[in-house]
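Below: one structure, written as structure tokens.
Everything numeric here is computed off the predicted structure, so don't read it as measured data.
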Amino acid sequence: QDDNNLKRKLSKKYLLILLFPFGYLLNILSRRSSVLTEQYYSSAIYRGISWFIGNLFGWIPFSVAEILLPVLAVIVLWALIKWGIRLVRNRKERWIVLGNGILNILLAISLVYFSFTALWGLNYNRQSLGSILDMDVQDSTVEELVMMTEELLESTNALREKVDEDEQGVMVPFGGVKDSFKRAREGYLATAEFIPGFDAVYGRPKPLLFSSVIAYTNIWGIYIPFTAEPNVNMKVPTPMLGSTMMHELAHQLGFAREDEANYISFLTCSLHPDADFQYSGHLSALNYSLNAVYGQNAETYKDLYSRLSEGVKRDYDENSKYHEKYDGPVREAFSKSNDAYLKANNQADGERSYGRMVDLLLAQYRHVQQWEDQTR
């Protein structure tokens, strides 16, 4: 009877391990048809998943995932230690113990991978944001890039006059950092008036308790699909905090690609009723646009940078200080890991995909220009 019980347990493990290839196959099929993925998963199944998990954990003021992760790490470590002890003690059954342990590891990997894919990962294969919003995303000229950046620069300078500063002259959110977490969702509610479905974000962004450690990994924010929590590194420079929150909320909305989350961050910040969020979104977008200009013409970049207001320059200096402070081997290692993760999830540019949001900004710029030409 003991042998029969063992066989049943092993057969269940074998079946559950098949979740990995099944999840992989599901991912491959999803990539082949972004239209079907959009229609049946991102716009239907995922909405229900996001609503349920988001409401389940969204009301909790701290990050549940951040608390669970070290607990799970301890459990895994303890299981590995027990496995090692059994290997040493049971010399006669060493191969059985070894095989059973390997099956358990494969089982855990399969469950995590399949859960990630089913709960959120298929969103990497949905239709592009440009297609969803009917935006004309195409290659642009340097002249067009510069003209768009000039407009963005002027509006960023103007918004800078409407925000608060700390003693060092660096922008800070209205009512303090904690209050900004409460107000973040308002930008999505405002955007939903123009784009249906953008109000489908639940709870609020959550501050990471271990931000002092996480800052060294180059992580500004992280979305955890298993708990539907948009988490934010509290060490992020305050001028960039609002745009970071909105970026992570975009992931909860089901937009997995980094360039699209960046653009949605800009869009929802721009439509937010409060000027501090509007400015944060513009500041982040301008940073990407200026970097794109620099890649094309360094002299033009210098000219544009000289036209920034002193307040905007102080905020960018604060951003540079942050990177200098937390730069190092840990950051480099995590950056490479993130790059590999993004490439594995249908983002061929890896970490460079963050900057491709400029293509979406240019598409919006062209749309506005065409509309203005037609109304003149």
Side-chain angles (χ1 to χ4, degrees), residues 50-51 53-69 120 159-160 162-166 168 170-192 198-215 217-255 258 261-285 287 315 318-319 322 326:
S50 177
W51 176 87
I53 303 179
N55 282 302
L56 185 64
F57 295 104
W59 62 274
I60 302 173
F62 57 85
S63 173
V64 176
E66 188 181 16
I67 301 300
L68 289 178
L69 187 60
W120 186 73
L159 284 168
R160 184 60 174 78
K162 301 178 181 180
V163 299
D164 295 339
E165 296 180 346
D166 62 12
Q168 285 73 43
V170 176
M171 175 267 181
V172 290
F174 297 151
V177 169
K178 289 184 179 179
D179 185 69
S180 64
F181 278 85
K182 300 175 184 178
R183 294 183 288 115
R185 190 168 178 263
E186 293 178 21
Y188 279 85
L189 297 179
T191 306
F198 265 57
D199 55 346
V201 289
Y202 308 102
R204 63 179 69 167
K206 297 186 178 184
L208 288 166
L209 300 175
F210 300 103
S211 292
S212 297
V213 176
I214 291 167
T217 66
N218 197 33
I219 293 174
W220 283 40
I222 183 169
Y223 178 70
I224 307 297
F226 306 104
T227 54
E229 291 176 303
N231 299 289
V232 178
N233 171 9
M234 294 297 286
K235 294 298 180 180
V236 168
T238 50
M240 298 291 188
L241 197 58
S243 61
T244 303
M245 292 180 194
M246 305 304 254
H247 176 105
E248 298 308 322
L249 281 171
H251 286 323
Q252 189 191 65
L253 194 61
F255 291 93
E258 298 302 336
N262 271 344
Y263 174 74
I264 291 172
S265 171
F266 167 74
L267 184 64
T268 53
C269 278
S270 298
L271 295 173
H272 197 286
D274 298 330
D276 55 345
F277 273 91
Q278 295 170 24
Y279 172 70
S280 184
H282 277 70
L283 189 70
S284 178
N287 186 47
D315 293 339
E318 187 71 10
N319 191 44
Y322 172 87
Y326 295 106

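- Going from atom CG of Leu249 over to atom CZ of Arg204 covers 11.5 Å, rounded to the nearest 0.5 Å.
- Rounding to the nearest 0.5 angstrom, the gap separating the CZ atom in Phe57 from the CZ atom in Phe226 is 11.5 Å.
- Applying the side-chain contact (heavy atoms from CB on, under 4.5 Å) rule to Ser284 yields the partners Met240, Ser243, Tyr288; only residues at least two apart in sequence or on another chain are considered.
- Remark: Phe210 pairs with Glu66, Ile214 by the side-chain contact (heavy atoms from CB on, under 4.5 Å) rule, at least two apart or across chains.
- Between Asp164 and Asp276, the closest side-chain pair of non-hydrogen atoms is not below 4.5 Å.
- Tyr279 is linked by a ring-ring contact (aromatic ring centres under 6.0 Å, His included) to nothing, counting only residues two or more places apart in sequence or in another chain.
- Across Pro230 and Glu248, no two heavy atoms sit closer than the pair CB-CB, 3.6 Å.
- Residues satisfying the side-chain contact (heavy atoms from CB on, under 4.5 Å) criterion with Ala261, sequence neighbours excluded, are His247, Ala250, His251.
- Counting all heavy atoms, side chain and backbone alike, Tyr202 lies closest to Ser50 at CD1-O, 3.5 Å.
- Leu208 contributes atom CG, which lies 8.5 Å from atom CD1 of Ile219 (distance to the nearest 0.5 angstrom).
- Partners of His282 by side-chain hydrogen bond (donor to acceptor under 3.5 Å, both in side chains), not counting sequence neighbours: none found.
- Heavy-atom minimum distance, His272 versus Ala184: CD2-O, 3.8 Å.
- Note that the OG1 atom of Thr268 and the OH atom of Tyr263 stand 10.0 Å from one another [nearest 0.5 Å].
- Of all the heavy atoms in Ser270 and Gln278, the pair that sits closest is O-CG, 3.8 Å.
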Please list every donor-acceptor pair under 3.5 Å in which a side-chain atom of residues 175-182 meets a protein atom from a residue at least two apart or in another chain.
from	atom 1	to	atom 2	distance (Å)
Asp179	OD2	Arg183	NE	2.8
Ser180	OG	Val177	O	2.5

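- By the side-chain hydrogen bond (donor to acceptor under 3.5 Å, both in side chains) test, Arg185 pairs with no residue at all, sequence neighbours left out.
- Listed by chain and number, the residues in a ring-ring contact (aromatic ring centres under 6.0 Å, His included) with Tyr223 are Trp120 (sequence neighbours excluded).
- Shortest non-hydrogen contact noted between Pro239 and Ser280 is O-OG, 2.7 Å.
- Sorted by first and then second residue, the side chain to side chain donor-acceptor pair (under 3.5 Å) pairs involving residues 227-236 (not counting sequence neighbours) are Ser63-Asn231, Lys206-Glu229, Thr227-Glu229, Asn233-Tyr322.
- The two residues Pro205 and Val232 make their nearest non-hydrogen contact at CB-CG2, 4.2 Å.
- Asn55 places a side-chain N or O within donor-acceptor distance of the main-chain N or O of Trp51, the cut-off being under 3.5 Å.
- With sequence neighbours excluded, the residues forming a side-chain hydrogen bond (donor to acceptor under 3.5 Å, both in side chains) with Glu165 are Arg160, Arg314, listed by chain and number.
- Here the rule is side-chain contact (heavy atoms from CB on, under 4.5 Å) with Tyr188, and of Leu253, Leu267, Asp199, Leu271 only Leu253 fits it.
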Verdict with supporting geometry, Leu68 and Val64, side-chain contact (heavy atoms from CB on, under 4.5 Å): CA-CA 6 Å; Leu68 289 178; Val64 176; 3.7 Å; yes

